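Here's the structure we're looking at; comments come further down.
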Amino acid sequence: MSWSVEFIPFVPWPVLWAVAAAGLVLLALLFWRSRRGAVLRALSFVLLLLAIANPHLKQEDREPLNDVVAVVVDDTQSQAIAGRTQRTEGIRKDLEEKLKAIPNLDVRWVHSTSTSADGERDGTMLFTDLGQALADVPPDRLSGVIAITDGEVHDVPGSASALGFDAPVHALLTGKPDEFDRRLQVLSAPRFGIVGSSQNIEVKVVDTAGPSAAPVKLTVTHQGQAPTTRSVRVGEKVEVPVNIEHAGPNIVEIEAEAAPGELTTVNNRAVLTVEGVRENLRVLLVSGEPHAGERTWRNMLKSDASVDLVHFTILRPPEKQDGTPINQLSLIAFPTRELFQEKLDQFDLIIFDRYQRRGVLPLLYLENVARYVEKGGAVLVSAGDDYASPLSLYRSPLGQILPAVPSGRVVEEPFKPKLTDLGEKHPVTTELPGSNGDKEPSWGRWFRVVDADPRDAEVLMKGAQDSPLLVIGQRGQGRVGMILSDHAWLWARGYEGGGPYTDLLRRLAHWLMKEPDLEEETLKATSRGQTLSIERHSIKDEIEPVTITAPSGKEDTVTLDKGEHGLWRKSMTVSEQGVYRVASGKLASVVTVGNANARELAAVTATDKVLSPLLEETGGGSFWLGRNDAEAKEIPRLVMLRGGHVMHGDDWLGLHKRDAYHVKGVRLFPLFTGFLALGLLLGLLAATWFREGH
Amino acid sequence: MALEPWLYLAALALFIADVLAMLVLSSGWRLRRPAAAAGAAILLALAFLPQAPIPAGAEEEPKAATPADEFALKASLQTHLAYVITGDPAIDRTSEEGLSGLSKVLRARTALEPADPMGVDIERDELAFFPILYWPVREDAKPLSDTTLAKIDAFMKQGGLIIFDTRDHDTELTGASTQNKALTRLVGQLDIPPLEPVPENHVLTKSFYLMRSFPGRFDGGSLWVEAEPQDEAERTERSRRTDGVSSIVITSNDFAGAWALDESNRPIYPTVPGGEVQREMAFRAGVNIVMYALTGNYKADQVHVPALLERLGQ
């Protein structure tokens with residue numbers, strides 16, 4: 001309950017002031033003329049003005065309100081190192097106890113993490129989270145803000161006025177002064193590189209203590225290779241060469257040796273991916289004779305924008321010389337030496353289409369091709385009845401690497417090509433349009449398949465009498481594939497509705513050329529916001545669990561859920577930001593969650609420098625609470641103060657006592673109205689006139 | 001109540017008037033004071049009427065082989081040159097003899113070894129197996145059914161090549177001759193792109209032999225092919241689908257008549273104007289057309305091969 005006087009004038013204030021001024025002038029004249037009754041007249045004038053100003057007695061029903069203190073707990077990644085998690089928890093508990101002991105105080109707990117819902121956050125955003133949490137707290141109830149943090153805050157307002165409240169901000173620092181840390185800083189890293197080229201990654205080893213001459217060991221590991229080490233200096237720019245060995249992500253790990261006594265080794269390491277990009281794929285197509293299927297191969301390869309096609313057809317075999325003068329013929333000599341000796345290794349794939357030994361290619365060249373495959377090349381043979389004949393390509397030095405041994409028999413009957421169980425799962429043939437799973441495929445029939453036994457190979461499709469139709473295999477570092485029929489063109493020509501010849505032939509060709517998307521065993525990780533999705537494709541029935549390594553070095557093992565067609569999947573929400581590594585057996589993948597250049601782990605030493613200007617302005621202070629182990633020092637005393645500019649001392653921190661209240665109701669009583677005022681005025685006027693009259 | 005402020009102001013005004021009067025009168029004359037005093041008193045009395053306190057509320061609240069399968073097996077296992085059976089025994093025999101003669105030449109001179117030619121019933125038989133279809137146009141050819149036209153359209157769009165032979169030695173494709181009228185009747189409703197005589201440098205002029213003209217039993221008639229599309233998008237589309245290969249070839253030179261050989265490989269029909277050179281050229285034309293049907297634009301690409309190989313070395 002509180003009382004006060006409030007004026008509710010009958011006329012606007014300026015009018016009242018104007019009238020008062022006019023009255024004063026007149027009264028001044030009266031006094032100047034020293035008229036009798038001037039004092040009485042002035043008194044009645046004042047009373048008249050007072051009546052117009054209409055004073056009221058105001059009665060308020062008040063309810064006192066609790067003060068609010070906000071405690072911001074920094075749960076970001078930099079707070080997870082060097083025992084700070086436990087220390088923070090200790091401080092938090094201690095503070096909770098002490099705050100409970102203070103009467104009429106509400107505590108707002110704000111937990112600030114390094115991630116946000118939109119995934120755009122990079123760094124520690126304590127004040128953003130604080131602002132959101134205090135949106136519904138009136139500034140006059142806020143008695144103070146206490147932040148439990150390592151001091152590396154990235155959204156400190158420039159001045160206290162930007163805070164939107166006037167209360168002391170204090171920082172309980174979870175570290176010690178003069179902490180030491182070493183980190184690896186990536187200065188520049190290429191994102192793409194042509195396969196076969198070498199790119200440089202620029203890194204620098206940075207110590208918080210500044211550059212020094214002491215050598216630091218830098219370990220570089222390319223995925224699947226033995227690590228190499230070199231010695232570098234702290235603060236020196238180092239170029240690390242990376243060979244782009246294959247298409248798709250090439251993963252490189254660079255790690256600087258741990259320094260004695262440093263806070264964390266998590267930021268001594270960088271994992272980078274350089275996307276290998278291939279130049280146009282070069283395909284050499286050798287057609288043994290013009291036949292109905294030749295244009296199918298040509299059309300497929302020529303319409304593929306990523307392929308440069310070099311095509312040779314044997315239009316006239318050497319034994320068919322007639323007397324036509326050479327200048328009337330449009331035939332050119334096959335540049336065999338150039339193709340099969342000098343520039344063979346420049347091709348990504350060599351396709352033999354119905355090729356038989358007709359004396360065009362010397363056996364030596366076919367031997368070159370076999371060697372080329374072992375060294376990482378690829379050969380695809382599309383075989384007709386020629387493959388079962390004595391002139392078969394199998395009976396050449398190339399035969400030793402071919403994945404199917406012909407029996408000499410050719411099956412010529414109508415059949416629908418079918419996927420084998422493996423073919424259902426293999427990326428080359430999985431979900432081939434028209435395969436219809438267990439049912440009869442909807443594509444057209446073929447009429448010929450060369451009977452053969454697979455050798456060190458896998459059968460993806462089978463033909464008439466269950467003989468292998470599509471056979472693929474690994475040879476050394478290279479790959480071979482065989483279609484044991486030359487009838488794929490029937491699909492192209494639309495016989496019985498045709499079939500997915502483009503899909504089949506293109507995928508087969510690209511698998512042979514090691515297209516990363518068509519590998520049998522793949523592990524892919526993608527991220528969207530804070531959701532990490534892992535996709536594992538495998539032709540095996542069972543797969544190993546997947547290990548996930550978080551940016552902070554924390555490891556997790558997850559088992560993926562089995563899906564259809566050899567696909568396993570799992571999605572999960574992760575809390576950290578930065579580069580996650582996902583590995584299963586020999587497979588590995590790297591994915592960046594949230595912001596790639598996470599500032600969190602760049603600087604991890606605790607500091608009061610970032611916050612101190614703001615603390616000073618608000619009257620708050622910072623307190624170093626780190627100890628040697630994960631424990632925390634005693635937190636400062638909490639003191640409630642009514643005011644004062646400096647709200648902290650060595651061992652105490654002050655909170656503003658606000659005395660805020662809530663008004664429940666108001667009553668007004670007019671003070672100077674009615675007969676009392678009337679009587680007073682009339683009396684005074686009468687007295688005035690009486691005085692003036694005598 | 002709304003009068004209250006006015007009464008107060010009036011009282012104030014009278015008071016000021018009274019003061020003024022005071023000042024003026026004091027310098028000589030007098031006013032009839034009681035009247036003014038009474039007025040002021042009444043106004044004040046009205047203004048100071050007692051009033052109640054103002055209430056204020058709270059501030060905030062799989063199966064057996066059928067004849068069709070037999071046909072499919074035969075047609076697909078080996079490459080066959082095929083002709084359309086017209087129903088005219090003389091024409092059909094010439095077609096058979098002609099394609100057989102051309103097949104012999106192909107076997108002897110090229111890597112392609114076609115089996116015996118096959119006659120095709122355009123209404124009933126499956127066309128997809130044949131890379132090339134020789135179609136002599138009868139003078140009294142009847143229009144085709146919609147189903148057949150659709151089949152022919154699919155054949156051409158999926159990479160087949162049809163040689164229409166009007167056999168009338170008409171040099172221009174004006175549509176004036178009876179044969180041309182017959183051809184229009186046959187396929188006029190097909191979606192055939194604009195045609196042009198084989199231009200210089202067309203693949204047909206270099207797919208096996210280097211050729212300038214394409215004579216048959218007659219010489220002089222042009223060989224018509226699909227014109228290269230002017231529109232870039234259309235060209236890309238055709239190039240994607242059929243490697244830019246023309247799906248239609250029209251001649252008036254009676255190819256089959258020139259290619260027809262008897263059992264001892266002697267020509268059956270004389271060439272006009274004549275000579276074995278013209279017959280040789282007719283065979284070469286046949287070889288080129290067959291190679292064009294089977295290898296597409298292969299020969300056009302070969303122009304670029306040296307450049308491609310050059311690049312490989314780098």
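Computed from a predicted structure; not experimentally measured.
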Which region of [X], side chain (C-beta onward) or backbone (N, CA, C, O), has a non-hydrogen atom less than 4.5 Å from a non-hydrogen atom of chain B, or is it both or neither?
{"X": "A:Glu413", "answer": "backbone"}
{"X": "A:Leu490", "answer": "side chain"}
{"X": "A:Asp486", "answer": "neither"}
{"X": "A:Trp489", "answer": "side chain"}
{"X": "A:Ile332", "answer": "both"}
{"X": "A:Phe415", "answer": "neither"}
{"X": "A:Glu338", "answer": "side chain"}

Quick check: does any side chain N or O of [X] sit under 3.5 Å from a backbone N or O of [Y], one acting as donor and the other as acceptor?
{"X": "A:His311", "Y": "B:Lys299", "value": "no"}
{"X": "A:Lys320", "Y": "B:Leu106", "value": "no"}
{"X": "B:Tyr209", "Y": "A:Ser330", "value": "no"}
{"X": "A:Arg448", "Y": "B:Leu73", "value": "no"}
{"X": "A:Arg493", "Y": "B:Gln158", "value": "yes"}

Q) Any idea how A:Phe447 and B:Phe129 line up, ring-wise: parallel (<30°), tilted (30 to 60°), or perpendicular (>60°)? A) perpendicular
Q. Of the listed residues (B:Ala72, B:Ala293, B:Ser76), which shares the most heavy-atom pairs with chain A below a 4.5 Å separation?
A. B:Ser76
Q: Under the side-chain contact (heavy atoms from CB on, under 4.5 Å) rule, what do A:Arg445 and B:Asp69 come out as? Steps first, then yes or no, please.
A: CA-CA 10 Å; A:Arg445 291 175 299 168; B:Asp69 282 355; 2.7 Å; yes
**Q.** SB check A:Glu319 B:Arg109 (cutoff 4.0 Å)
**A.** no
Report which part of [X] has an atom under 4.5 Å of a heavy atom belonging to chain A: side chain, backbone, both, or neither.
{"X": "B:Ala108", "value": "backbone"}
{"X": "B:Arg284", "value": "side chain"}
{"X": "B:Ser207", "value": "backbone"}
{"X": "B:Leu127", "value": "backbone"}
{"X": "B:Thr79", "value": "side chain"}

Determine the option with the most heavy-atom pairs under 4.5 angstrom with chain B, choosing from [options].
{"options": "A:Glu289, A:Glu412, A:Glu342, A:Lys416", "value": "A:Glu412"}
{"options": "A:Gln328, A:Arg316, A:His291, A:Glu294", "value": "A:Gln328"}
{"options": "A:Leu26, A:Leu315, A:Asn327", "value": "A:Leu315"}

Measuring from atom [atom1] of [X] to atom [atom2] of [Y], what distance do you get when rounded to the nearest 0.5 angstrom?
{"X": "B:Leu210", "Y": "A:Leu331", "atom1": "CG", "atom2": "CG", "value": "8.5 Å"}
{"X": "A:Thr313", "Y": "B:Leu112", "atom1": "OG1", "atom2": "CG", "value": "11.5 Å"}
{"X": "A:Thr324", "Y": "B:Phe208", "atom1": "OG1", "atom2": "CZ", "value": "8.0 Å"}
{"X": "B:Asp301", "Y": "A:Leu309", "atom1": "CG", "atom2": "CG", "value": "7.0 Å"}

Q. With respect to A:Arg295, which candidate in B:Val245, B:Thr295, B:Leu294 satisfies the side chain to side chain contact (heavy atoms under 4.5 Å, CB included) definition?
A. B:Val245
**Q.** B:Ala111 versus A:Gly288, closest heavy-atom pair with distance
**A.** CB-O, 4.4 Å
